[in-house]
Amino acid sequence: MADPQGFLQVPKIEAAKRPVDERVGDWREVYESQDPHERAAEVSQQARRCMDCGIPFCHSGTAGCPLGNLIPEWNDLVRRGRWDAASDRLHATNNFPEFTGRLCPAPCEAACVLSISEPQTGGSVTIKRIEQSIADQAWMDGTVEPQPPAITTGKNVAVVGSGPAGLAAAQQLTRAGHHVTVYERDDRLGGLLRYGIPEYKLEKATLNQRLAQMRAEGTRFVTDCEVGVDLSVEELRDRFDAVVLAVGALRGRDTDVEGRHLGGVHLAMEHLVPANRECEGDGPSPISAAGRHVVIIGGGDTGADCLGTAHRQGAASVTQLDYNPEPPEARDDSRSPWPTWPMVLRTSPAHAEGGSRRYEVAVQRFVGDDNGNLRAIEIAEVKVTRDADGRREITPVGEVLSLPCDLALLAIGFEGVEEMALVDGLGLQRNRRGALPCGSDWQTTAPGVFVCGDAHRGASLVVWAIAEGRAAAHAVDVFLMGESDLPEPVRPSALPLAVV
């Protein structure tokens with residue numbers, strides 16, 4: 001059984017971060033490297049804080065982990081020093097815990113029973129840190145090995161997109177014995193894991209080691225191939241018995257604010273992608289923050305990624321704007337009661353590195369110079385209301401202020417699946433959120449074509465992408481074979497809508 005006194009005897013300790021002055025000078029992960037034995041001992045103590053609750057909300061799909069990770073089980077195995085068994089239990093529900101352990105915002109921790117009354121309990125169990133430690137220890141010990149299928153089915157499956165949803169679906173289907181080919185339009189694999197997530201949050205060596213495992217299992221990868229163009233829809237349908245669309249939701253939300261056309265105003269991904277390419281050795285980014293006054297419009301995770309990237313590129317100043325009110329520092333039970341995701345002020349490592357945040361303000365105009373380049377940005381205090389149909393209305397209520405700015409980054413969300421020949425060629429229609437709908441079997445209106453991840457739910461969390469990829473793989477296996485031994489974590493009819 002769990003240690004009933006653990007949370008009283010062991011204080012909560014998060015992983016130590018490298019000093020700000022050091023980490024903004026390179027692109028390595030922000031956390032301190034630690035002696036493996038010291039890390040194992042410290043994390044084992046943190047695992048003692050898990051109470052193995054009678055109702056473990058941490059792995060409830062509606063409030064906690066969408067993957068249904070068996071968190072109390074692997075916490076207890078870590079507490080007892082059984083790291084190999086903990087890795088087996090973790091991988092039973094999560095194909096890529098080294099990704100989620102680094103990138104997931106940890107709804108499991110928000111749903112932890114210890115987070116109900118944090119001052120008294122010391123706060124939630126450090127689930128995310130324990131998860132990453134289990135995964136990293138398993139890779140270091142060599143216990144993460146290829147799992148090629150014992151038999152093959154002779155069925156061919158195409159997975160379009162190599163982000164976390166596509167990779168999860170591909171790995172599950174390969175292990176079920178199908179011949180799986182993953183198509184990626186970029187020159188390297190990984191989707192947003194490769195070119196969207198900055199190196200300081202996920203070193204790409206971590207991604208590459210998992211891709212090597214998948215290749216050894218038999219998954220085939222094809223890069224520089226845009227399905228629907230380089231490979232026609234007719235060829236796709238002729239070659240494959242089933243198709244999984246994991247194409248993401250990369251259509252960035254834009255603005256029609258005056259001055260949007262000026263040089264120096266960019267969508268966030270136009271900044272993040274070349275920065276990641278520079279880290280891959282492709283040469284200097286054409287959109288660098290070096291020596292520039294940067295304004296990031298949008299207060300979410302993408303904005304924080306732009307912030308950390310701007311710091312590392314040597315920005316002269318960085319300001320992040322958010323039209324929402326500043327969230328409280330503690331959970332407001334009237335607005336977001338436990339175990340739901342709390343609406344609180346979140347400070348990422350990038351925010352701790354510098355820059356400023358301004359709330360309840362919105363851009364009124366981008367101001368250019370005589371050469372058509374951005375030189376300033378005009379902002380005003382605003383009030384956010386909802387109309388009768390629930391649509392957001394942003395109304396200026398204060399005086400207009402001017403900020404020096406020669407690089408503005410729009411990190412205001414995504415509007416669903418991009419325009420692409422593949423979607424049109426399959427005759428698929430987007431819903432009002434710009435996503436591709438499907439039935440309870442993950443199948444679209446095109447027979448034999450399935451969808452998962454951001455393409456289905458809108459821009460969301462890496463943990464949801466993996467969960468949907470696993471579920472779609474189960475559905476494809478049933479479609480091809482009539483039954484499946486693959487797990488079925490979630491159904492699309494049970495999923496909450498993404499917040500985009």
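Only this structure's heavy atoms are used, side chains among them; waters, hydrogens and symmetry mates stay out.
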Chemist: Could you give the distance from CG (D322) to CZ (R358), rounded to the nearest 0.5 Å?
Modeler: 12.5 Å
Chemist: Can you tell me how far CE of M214 sits from CG of L167, rounded to the nearest 0.5 angstrom?
Modeler: 5.0 Å
Chemist: Quick one: does R470's side chain get under 4.5 Å of L67's, heavy atoms only?
Modeler: yes
Chemist: Output, in order, the C-alpha distance, side-chain angles, deciding distance and verdict of side-chain contact (heavy atoms from CB on, under 4.5 Å) for V233 and L422.
Modeler: CA-CA 6 Å; V233 172; L422 173 60; 4.2 Å; yes
Chemist: Hey, can you tell me if Y200 and W27 have their rings parallel, tilted or perpendicular (30° and 60° cut-offs)?
Modeler: tilted
Chemist: Would you please test L321 and I297 for side-chain contact (heavy atoms from CB on, under 4.5 Å) and show each step?
Modeler: CA-CA 5 Å; L321 309 181; I297 298 114; 4.2 Å; yes
Chemist: Against the six-membered ring of F366, is R260 placed for a cation-pi contact (under 6.0 Å from the centre, within 45° of the normal)?
Modeler: no
Chemist: Within the side chain of H311, is there an N or O that forms a donor-acceptor pair under 3.5 Å with the backbone of G354?
Modeler: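 Yes: the side chain of H311 pairs with the backbone of G354.
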Chemist: When you check the side-chain N and O atoms of T206 and E203, is any donor under 3.5 Å from an acceptor?
Modeler: no
Chemist: Indicate yes or no: does R331 engage E118 in a salt bridge with an N to O separation below 4.0 Å.
Modeler: no
Chemist: In terms of side-chain heavy atoms, does N371 have a donor or acceptor partner in D369 at a distance below 3.5 Å?
Modeler: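 No donor-acceptor contact under 3.5 Å links the two side chains.
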Chemist: If every non-hydrogen atom of L207 is compared with every non-hydrogen atom of G190, which pair is closest and at what distance?
Modeler: CD2-CA, 4.0 Å
Chemist: How far does OH of Y183 sit from CG of L231, to the nearest 0.5 angstrom?
Modeler: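 One gets 5.0 Å once the value is rounded to the nearest 0.5 Å.
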Chemist: Using salt bridge (Lys or Arg N to Asp or Glu O under 4.0 Å) as the criterion, point out the one residue from R28, R23, K204, R277 that pairs with E199.
Modeler: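 The passing option is K204.
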Chemist: Can a salt bridge be assigned to the pair E278 and R312 using a cut-off of 4.0 Å between side-chain N and carboxylate O?
Modeler: no
Chemist: When rounded to the nearest 0.5 angstrom, what distance separates CZ in R365 from CG in L262?
Modeler: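 Separation between the atoms: 9.5 Å.
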Chemist: With a 4.5 Å limit on heavy-atom distance, are the side chains of R357 and Q320 in contact?
Modeler: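 Side chain of R357 against side chain of Q320, heavy atoms only: contact under 4.5 Å found.
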Chemist: Report the distance from atom CG of N373 to atom CG of D406, rounding to the nearest 0.5 Å.
Modeler: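 These two atoms lie 9.0 Å from each other.
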Chemist: Could you give the distance from CZ (R430) to CG (L436), rounded to the nearest 0.5 Å?
Modeler: 6.5 Å
Chemist: Is the shortest side-chain N to carboxylate O distance from E14 to K12 below 4.0 Å?
Modeler: yes
Chemist: Are R251 and E419 within salt-bridge range, i.e. N to O under 4.0 Å?
Modeler: yes
Chemist: Can you name the nearest heavy-atom pair linking L193 to L202, along with the distance?
Modeler: O-CD2, 3.8 Å
Chemist: Go through M343 and D332 one step at a time and tell me if the side-chain contact (heavy atoms from CB on, under 4.5 Å) criterion holds.
Modeler: CA-CA 7 Å; M343 300 298 294; D332 181 350; over 6 Å; no
Chemist: Side chains of R102 and Y31: is there a donor and an acceptor less than 3.5 Å apart?
Modeler: no
Chemist: Taking all non-hydrogen atoms of both residues into account, name the closest pair between I296 and A411 and its distance.
Modeler: CG2-CB, 4.3 Å
Chemist: Within the structure provided, determine whether H91 and P97 are in side-chain contact (heavy-atom separation under 4.5 Å).
Modeler: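 Counting from C-beta outward, H91 and P97 do come under 4.5 Å.
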Chemist: With V265, which of I377, V363, L374, L409 fulfils side chain to side chain contact (heavy atoms under 4.5 Å, CB included)?
Modeler: L374
Chemist: Measure the shortest side-chain to side-chain distance between E98 and V144 over non-hydrogen atoms and say whether it is less than 4.5 angstrom.
Modeler: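 No, too far: nothing below the 4.5 Å cut-off.
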Chemist: Run the salt-bridge test on R188 and D282 with the 4.0 Å N-O cut-off and return the result as yes or no.
Modeler: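 Yes, R188 and D282 are salt-bridged.
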Chemist: State, with a plain yes or no, whether a side-chain heavy atom of E280 is found less than 4.5 Å away from one of R194.
Modeler: yes
Chemist: Hey, does the side chain of S288 reach the backbone of S285 with a donor-acceptor pair shorter than 3.5 angstrom?
Modeler: no
Chemist: Are H474 and W442 close enough that their ring centers fall under 6.0 Å?
Modeler: no
Chemist: What heavy-atom pair brings V257 and Q364 nearest, and what distance separates the two atoms?
Modeler: CG1-O, 3.4 Å
Chemist: Judged by modelled atom types alone, do R129 and Q132 share a side-chain donor-acceptor pair under 3.5 Å?
Modeler: no
Chemist: Looking at every non-hydrogen atom in both residues, tell me the closest pair between R237 and P447 and how far apart they are.
Modeler: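 Taking every non-hydrogen atom into account, NH2-O, 2.7 Å.
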Chemist: Given V382, which partner from the list I394, V361, V397, T395 fulfils the side chain to side chain contact (heavy atoms under 4.5 Å, CB included) test?
Modeler: I394
Chemist: Can you give me the closest heavy-atom contact between A446 and L426, atom names plus distance?
Modeler: CB-O, 3.9 Å
Chemist: Pick one: which of N95, N69, N94 meets side-chain hydrogen bond (donor to acceptor under 3.5 Å, both in side chains) with T100?
Modeler: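 Output: one option passes, namely N94.
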